[in-house]
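The figures here come from the full heavy-atom set of this structure, side chains too, leaving out hydrogens, waters and symmetry mates.
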Amino acid sequence: PQASFPQENTVNFVTKANLVPYAIHHLLQANAEKKPAPESDTDDEHRERLVGLRGARAASFNVNNQVKGGIFRGTIVLVLHESGKSPQEDTFEILFDNDGERQVLDLVELYDALALYMEVGEETEEENKLDWVAKKRETSKNVQACLLKKFSKIQKRQEELDAILETEGSIAKVLGIPPLVQRGKKRSRPSDGKHPNPQQFVSKRIAKWFEGPDPDDPTKSVSSLFFGTIDYISNQEGKETWWHVTYDDDDMEDFDIRQVRQGIADYEKNKSKDPKNNQEDEKAEAV
């Protein structure tokens, strides 16, 4: 965010904490902001304006084998759209500032993230006084207004947020509660991160987005979708359950419950792209 947009033949970068995850996206967004905002965006223009916006989410992350929850800030880095489908079915990838953790959001979750960021801003008062934060908030405000005008599900969600604001005085009092804390509150007891029936996820297919260098241009990065299968429960000791995942390219990883749910959700959104799923369909047709 503290990077200057190219002027003449020079490019000036100012080093700042958390610059790497989203500085390039900020430059792209700064370029887009030079164009006058249209009265009504086309779908592609609308998607372009989303990239680079700041969002906030209540989340729980595993840090040194400890689950830490709270409000985390991040940047919208990717809009996933399938040809022929409504913009309401788009999904959006947010890159969190803490260690590059990612989440895929649906349209309502995106709206919540934008709304929560508008309320909580950046982590420090000093950052909130900076020009780039004010610009991000102004652009986000315009985008939220566009979403509200276009989509009925967002209109319904805004009514719910207005009700929360009226009763609680702050949407952060509801949206700012990490998922694990919310589950514990419903059960009237703290959650220890274990799942009551971990075996139910074994053999499930998952999908996960990874970022890597563009084969055609190593100076750029691209996000690629990888598929895998939950093989077995790798660890039930301590305060969390872990599941072992083997990707189709034979790479392996351990998932906690949050990652399992995210992986299954991402798979459901993208299972038409799963080569193994297509192979099964071809076998069924052959029979």
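D90 contributes no side-chain N or O that, together with a main-chain N or O of H81, makes up a donor-acceptor pair within less than 3.5 Å. Listed for the Q259 side chain is a donor-acceptor partner under 3.5 Å among the backbone atoms of D256. With hydrogens and angles disregarded, a donor-acceptor distance shorter than 3.5 Å links the side chain of R54 to the backbone of G74. Using a distance-only test at 3.5 Å, with no hydrogens or angles considered, a donor-acceptor pair links the side chain of T167 to the main chain of A163. Without hydrogens or angle criteria, R205 side chain to Y267 main chain gives no donor-acceptor distance under 3.5 Å.
In this structure, the ring of F201 has its center no less than 6.0 angstrom from the ring center of Y232.
The pair K156-E159 does not meet the salt-bridge criterion, since no charged nitrogen lies less than 4.0 angstrom from a carboxylate oxygen. A salt bridge links K271 to E268: at least one charged side-chain nitrogen sits closer than 4.0 Å to a carboxylate oxygen. A salt bridge is absent between K208 and D266; no separation between the charged side-chain nitrogens and carboxylate oxygens falls under 4.0 Å.
Proximity of L147 to L114: side-chain heavy atoms (C-beta onward) are separated by under 4.5 Å at one or more points.
Remark: the D231 side chain and the H244 side chain contain an N/O donor-acceptor pair separated by less than 3.5 Å.
Under the side-chain contact (heavy atoms from CB on, under 4.5 Å) criterion, L80 pairs with L78, T91, W209, sequence neighbours left out.
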